[in-house]
Amino acid sequence: MMEKQYNAKAAEAKWYPLWEKNGCFHREPGEGTPYSVVIPPPNVTGILHMGHALNQTIQDILVRWRRMQGRNTLWLPGTDHAGIATQNVVEKALKKDGKRRQDLGREAFVERVWEWKRRYGGTIVHQQRMLGNSTDWRRERFTLDEGCSRAVTKVFKQLFDEGLVYKGNYIVNWCPRCGTALANDEVEHEPNHGHFWYVKYPVVGSSAGQSGEPYRDYVMVATTRPETLPGDTAVAVNPKDDRYAHLVGKTVILPLTGREIPVVSDDYVDREFGTGIVKITPAHDPNDFLVGKRHGLEEINIMTGDARMNALAGAKYEGMDRWTCRDAIVADLEAGGYLDHVEDIDNQVGHCYRCHEVVESRLSKQWFVRMKPLAEPAVAAVKSGEVRFVPDRWSKIYYNWMENIQDWCISRQLWWGHRIPAWYLASQESGAAAGEERVFVAETAQEALGQAKKATGNDGLTLADLVQDPDVLDTWFSSWLWPFSTLGWPEKTDDLAFYYPTTDLVTAQDIIFFWVARMMMAGIHFMGKPPFANIVIHGIVRDAQGRKMSKSLGNSLDPLEIISMYSADALRFSLALITSLECDTKVDKSKFEIGRNFATKIWNAAKFIEMQTAAGVTPAALGDLSAAALSTDDRHMLLACDKACRRIGEMLENYRIQDAALAVYDFFWTQICDWYVEYVKDSPDKSVSLAVLRDVFDKALRLLHPFMPFVTEEVAHQLRLVGENDTIMLRSFPTGYSPEEAAKWGLTEGLYEFVNAKREAVTALRALRAEYKVPPSARVDVTIAAAPAGIPDSPSPEGEIPSMKRAMRAESVKLVAAGADLPMPSKITRFGTVYLSLEGLVDKAAEAKRIAGEIARIAGFIKAAEAKLANRAFVDHAPPAVVDEARRKLNENREKTVQLEKLARLFA
RNA sequence: GGGCGAUUAGCUCAGUUGGUUAGAGCACUACCUUCACACGGUAGGGGUCUUGGGUUCGAAUCCCGAAUCGCCCACCA
């Protein structure tokens, strides 16, 4: 016998290992139609959060559904090596022992990170199993594993050979704490309350000096970053600015240094902002860098990698950190009479997305990928419809970004990651700054050596003469290859041939640019085909106040805690039900009660079926039954099931996960539990109705399985709907009954409407009972002026009396001719007019008042409907069905009014 | 500054190409411990669909303007 209560924990602990062990998640390439998805690899340092839970629930729903549809399904899992994040974790651990990574040396440190990965890297992988993910763990990958590394190297070399990877002097975002360059999108801009210092730069050759008043002629420069002053190599004005036109071409004295620097004119300068004069510091500001390039200005780098001032900043400031130096320079400017005044200003300051340090713009040599040539075909693939965004509006955002794309800085000054496969001549390295640097890009050091020998004509070179580039590649440089590197590329594997391109990519909106766009480019460039057919974008999980969930805010919900409180199925179903692809999802704990309650409901319904069986009811063979053997309620149930199967399948095809979840919920709860199970309790032929119930319940379980894998598997086994060594997850996803079955059982639309109408009558009677406060225990006498003739294919209402009797808690149900004028109180339904004899149970005055209100309300509807139908334009233009419906409704309301007026007189 | 989106019941959201008296879940009210289930059942209350115009026989839905909120990109020296 089934337990009184569903034990979710036990079911989860039992089924997941069995599925995995039996290879239920695994398929080999070859047969059938492929359906493949690669998981967005979580950081190996990560722990499972609600964002993962949502993302993976959506994927698992799609994957389980496709698998049940019979597709050859692959959902490929893995983790990302997450350069900075992982290195930080290990460095933090080292710090506890008072060590820095430099103390270990590169090789030992990297080995230490690997060791960390082996010990703790499995955390999130373990947690993902708790969700019930049907990922093929036999194909699990890591972005830094051997295969992925080979792909990365090959790609780097190919792009280099194609001229799409280059090394350049460039101003990059630099995190002084992490000691590495950051890509533009790794910088977070945040509002900052800062100052605007107004500084006077004396103009050379003015009359000022002669009069003995040094600074009468000066230009006023406003800056938020006085500490970069020693790096200034010009001041700039707008060419159209008449105020300063006379200054262009002259020079000014850079305060504190005595250096003369030119005044240049450049469109970049905004006349309206500040004083209209900008100091230009090419080595420490991206815009200034560009201005400097245009005017051939010197680039003076005055800072070290950890944002301290170097010798070029001047002896006095050398060694100071940038903020100390700012204070010192401001003080000196003031002392020298150069500082005019200070204003408060609100601006935006960039912070490192990892450690939150204020980012510095820094001039350095970095590797870049030329993006324009890669972006163009990636845009074309979406424009042509070859790749589709779901929802479609993301394509606009994608175009917008791709069309304004900038080169991608891919080098990172870290130790943990894919080392850049570029080598230099050791002898050349120190003196290379001045001249051309010789670089050999190759897949191996040996190959690089060959290149070096050829280039230098020196056959005596050995590996010892070569030095590999110390930098590693941006983490995304491996993830952008994920859809094919994980399938074995660059080898020509069967997996690659069969599962590439993948079918769906499911991810949140926040990594469309980081990841999705780049995968598109890589897929097209290296495989000749976009990496997926559909890009499904879902929202971000937010807390009840709409804030992003984050560790620092402390507002995160832990999926594992939700699983332990409510079950994995509850987590999954609730997420599916409340998630729209259209917008972000607000989540709080109470939402998960929906899923838990649903699981309980299913368990109890299953228990009911078991009890019927245990009570000795033997289900008939459904396939042998004809329409005549089935009651209208039985047939209605079968038809509702048929509709549910079709609708849910269609919704999933359109990625309408929320709608599908709601439909399966409604089918189970309303159709099966609220109506049919109630009917079965008192059905005239239990053997038949149990057969129907078992069949629709079985189908409902399968419809639900992608959403709630554990409870469906457990219940299917409890009811022996699958064999002992079998699993529901490999059974077919129901698509509805065949036309033959539908014909044999008389599953017609008319019949469906007929039973719906009957239910309206039952509901109306219940409402009457409630309105007139008839005690639930009271058996009442009901009369119905049955009128189902208006419904096509209607069976005789006579046969419905027994089922209505029970549902209405009626002592008797009497049918009279349709249209018969029944005494009050009664309600009009499609089935007919329902009358309940009250036997003087009513407070007359109160009822009279209520009825008057009701008449007034209906009068409003009638008036509106009459006006509508009197309108020729409406009658002529609206679809006939709409007009007919309006007429029918109007008549019904008129009839209702007549009845109500009679009733009012009765109570007067 | 550029782009995208949102505003519907107390709350979270549906509402598919314009078409009955705008729906669901939660919350709320009343009644019900009826032998699958109180994590339940039955019946209810609650919305001038942010706002002002326009198109239309008809607008939550389409167009224009306003307000409020959110996100993304770029960024002021």
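Per chain, numbering begins at 1; letters A, B, ... match sequence-line order. Since the model is a prediction, treat every value here as computed from it, not as a measurement.
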Student: Between B/C64 and B/C28, how far apart are the two P atoms, rounded to whole Å?
Tutor: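 Here B/C64 and B/C28 have their P atoms 43 Å from each other.
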Student: Starting at CD1 of A/Ile657 and ending at P of B/A24, how long is that distance when rounded to a whole Å?
Tutor: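 For the pair A/Ile657 CD1 and B/A24 P, the rounded distance is 23 Å.
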Student: Is A/Lys681 close enough to B/A36 that one of its side-chain N or O atoms is under 4.0 Å from OP1 or OP2 there?
Tutor: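 Yes, such a contact exists.
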Student: To the nearest Å, how far apart are A/Ile280 CD1 and B/A77 P?
Tutor: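 Whole-Å distance recorded here is 12 Å.
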Student: Taking atom C1' in both B/G10 and B/C72, compute the distance separating them and give it to the nearest angstrom.
Tutor: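 Their C1' atoms lie roughly 32 Å apart.
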Student: I'd like to know if A/Arg779 and A/Glu811 make a salt bridge, using a cut-off of under 4.0 Å between side-chain N and carboxylate O.
Tutor: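 A salt bridge is absent here (no side-chain N lies under 4.0 Å from a carboxylate O).
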Student: Nearest whole Å is fine: how far is B/C35 P from A/Lys4 NZ?
Tutor: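 That distance rounds to 10 Å.
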Student: Which of these nucleotides, B/A77, B/A36, B/C73, is closest to any side-chain atom of A/Phe196?
Tutor: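 Nearest listed nucleotide: B/A77.
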Student: I want to know whether A/Trp669 and A/Tyr665 have ring centres closer than 6.0 Å.
Tutor: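 When the ring centroids of A/Trp669 and A/Tyr665 are compared, they turn out to be within the sub-6.0 Å range.
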Student: Going by an N to O cut-off under 4.0 Å, is there a salt bridge joining A/Lys607 and A/Glu610?
Tutor: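 Result for this pair is no, no salt bridge flagged.
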Student: Please measure how far the C1' atom in B/U55 lies from the corresponding atom in B/A59, and state the result in whole Å.
Tutor: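 About 10 Å, rounded to a whole number of Å.
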Student: When the C1' atoms of B/C26 and B/A60 are compared, how many Å lie between them, rounded to an integer?
Tutor: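 Rounded to whole Å, the distance is 23 Å.
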Student: Taking 4.0 Å as the cut-off, does a side-chain nitrogen or oxygen of A/Asn287 come that near to OP1 or OP2 on B/C75?
Tutor: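 No, because none of the side-chain N or O atoms of A/Asn287 sits under 4.0 Å from OP1 or OP2 of B/C75.
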Student: Would you tell me if any nitrogen or oxygen in the side chain of A/Lys396 comes within less than 4.0 Å of OP1 or OP2 on B/G5?
Tutor: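 So the side chain of A/Lys396 is within the cut-off, an N or O lying under 4.0 Å from OP1 or OP2 of B/G5.
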Student: Rounded to whole angstroms, how far apart are OH on A/Tyr398 and P on B/C73?
Tutor: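 Rounding to the nearest Å, OH of A/Tyr398 and P of B/C73 are 17 Å apart.
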Student: If you assign A/Arg809 and A/Asn604 each to the RNA chain B nucleotide with the nearest heavy atom, which residue ends up on the more 5' nucleotide?
Tutor: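 The residue mapped nearer the 5' terminus is A/Arg809.
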Student: If we only count heavy atoms from C-beta on, is the A/Val379 to A/Tyr399 side-chain gap below 4.5 Å?
Tutor: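 Answer yes - side chains close enough.
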Student: Would you please say whether a donor-acceptor pair under 3.5 Å links the side chains of A/Asp666 and A/Thr670?
Tutor: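 The criterion, which ignores hydrogens and geometry beyond distance, is satisfied for A/Thr670 and A/Asp666.
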Student: Can you find a heavy atom in the side chain of A/Phe697 that is under 4.5 Å from one in the side chain of A/Tyr676?
Tutor: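 Result no, sub-4.5 Å side-chain heavy-atom pair not found.
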Student: Mind calculating the distance between CD (A/Glu343) and C1' (B/A77) to the nearest angstrom?
Tutor: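 About 13 Å, once rounded to whole Å.
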Student: Once you apply a heavy-atom cut-off of 4.0 Å, does A/Val677 come out as touching a base, just sugar-phosphate, or nothing?
Tutor: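 Base contact - A/Val677 has a heavy atom under 4.0 Å of at least one base atom.
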Student: If we take the C1' atom in both B/U12 and B/U7, what is their distance in whole Å?
Tutor: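 Pairwise C1' distance, B/U12 against B/U7, rounds to 14 Å.
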Student: Taking for each residue the nucleotide of RNA chain B with the nearest heavy atom, is it A/Ile277 or A/Phe608 whose nucleotide lies nearer the 5' end?
Tutor: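 Looking at the nearest nucleotide for each, A/Phe608 comes out on the 5' side.
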Student: Dump every N/O contact between nucleotides 41-46 of chain B and the protein below 3.5 Å, one line per pair.
Tutor:
{"unit_1": "B/G41", "atom_1": "OP1", "unit_2": "A/Lys601", "atom_2": "NZ", "d": "3.3"}
{"unit_1": "B/G41", "atom_1": "OP1", "unit_2": "A/Trp669", "atom_2": "NE1", "d": "2.5"}
{"unit_1": "B/G41", "atom_1": "OP1", "unit_2": "A/Asp674", "atom_2": "OD1", "d": "3.4"}

Student: For A/Arg596 and B/G25, is the shortest distance between a side-chain N/O and OP1 or OP2 below 4.0 Å?
Tutor: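 No, no such contact exists.
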Student: Do A/Leu575 and A/Phe592 have side chains that approach each other closer than 4.5 Å (heavy atoms only, starting at C-beta)?
Tutor: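 Side-chain contact under 4.5 Å: yes.
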Student: Roughly how many Å is it from NE2 in A/His538 to C1' in B/G5, rounded to a whole number?
Tutor: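 After rounding, the gap between these two atoms is 18 Å.
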Student: Using whole Å, report how far OH of A/Tyr655 lies from P of B/A14.
Tutor: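 Roughly 20 Å, once rounded to whole Å.
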Student: Would A/Tyr201 and A/Tyr338 count as a close aromatic pair, with their ring centres under 6.0 Å?
Tutor: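 No; A/Tyr338 has its ring centre 6.0 Å or more from that of A/Tyr201.
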Student: Assess, by modelled atom type and distance only, whether the side chains of A/Asn604 and A/Lys601 contain a donor and an acceptor separated by less than 3.5 Å.
Tutor: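 No, no side-chain donor-acceptor contact under 3.5 Å.
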Student: Taking the C1' atom in each of B/C13 and B/G47, what is the distance between them to the nearest angstrom?
Tutor: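 14 Å, rounded to whole Å.
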Student: List every contact pair, protein side and nucleotides 26-29 of chain B side both N or O, where the distance is under 3.5 Å.
Tutor:
none

Student: If you measure from the C1' atom in B/U61 to the same atom in B/A14, how many Å do you get, rounded?
Tutor: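 About 14 Å, rounded to a whole number of Å.
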Student: Give the rounded distance in Å between these two atoms: CG of A/Leu662 and C1' of B/G25.
Tutor: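 Result: 8 Å.
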Student: Got A/Phe573 and A/Val664 here, is their nearest side-chain heavy-atom distance under 4.5 Å?
Tutor: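 Contact flag for A/Phe573/A/Val664 side chains = yes.
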Student: Would you say the side chain of A/Ile537 lies within less than 4.5 Å of the side chain of A/Ile512, judging by non-hydrogen atoms?
Tutor: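 Yes - at least one pair of side-chain heavy atoms lies under 4.5 Å apart.
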Student: Under a 4.5 Å cut-off applied to non-hydrogen side-chain atoms, are A/Ile329 and A/Pro230 in contact?
Tutor: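 Contact flag for A/Ile329/A/Pro230 side chains = yes.
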Student: Using both pair distances under 3.5 Å as the test, note the stems of at least 3 consecutive Watson-Crick or G-U pairs that include RNA chain B.
Tutor: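 RNA chain B forms these stems: B:1-7 with B:67-73, B:10-13 with B:23-26, B:28-32 with B:40-44, B:50-54 with B:62-66.
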Student: Would you indicate whether the side-chain heavy atoms of A/Ile602 and A/Leu701 approach each other to under 4.5 Å?
Tutor: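 They are in contact (side-chain heavy atoms under 4.5 Å apart), so the answer is yes.
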Student: Between B/G45 and B/G54, how far is it from one P atom to the other, in whole Å?
Tutor: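 Roughly 35 Å separates the two P atoms.
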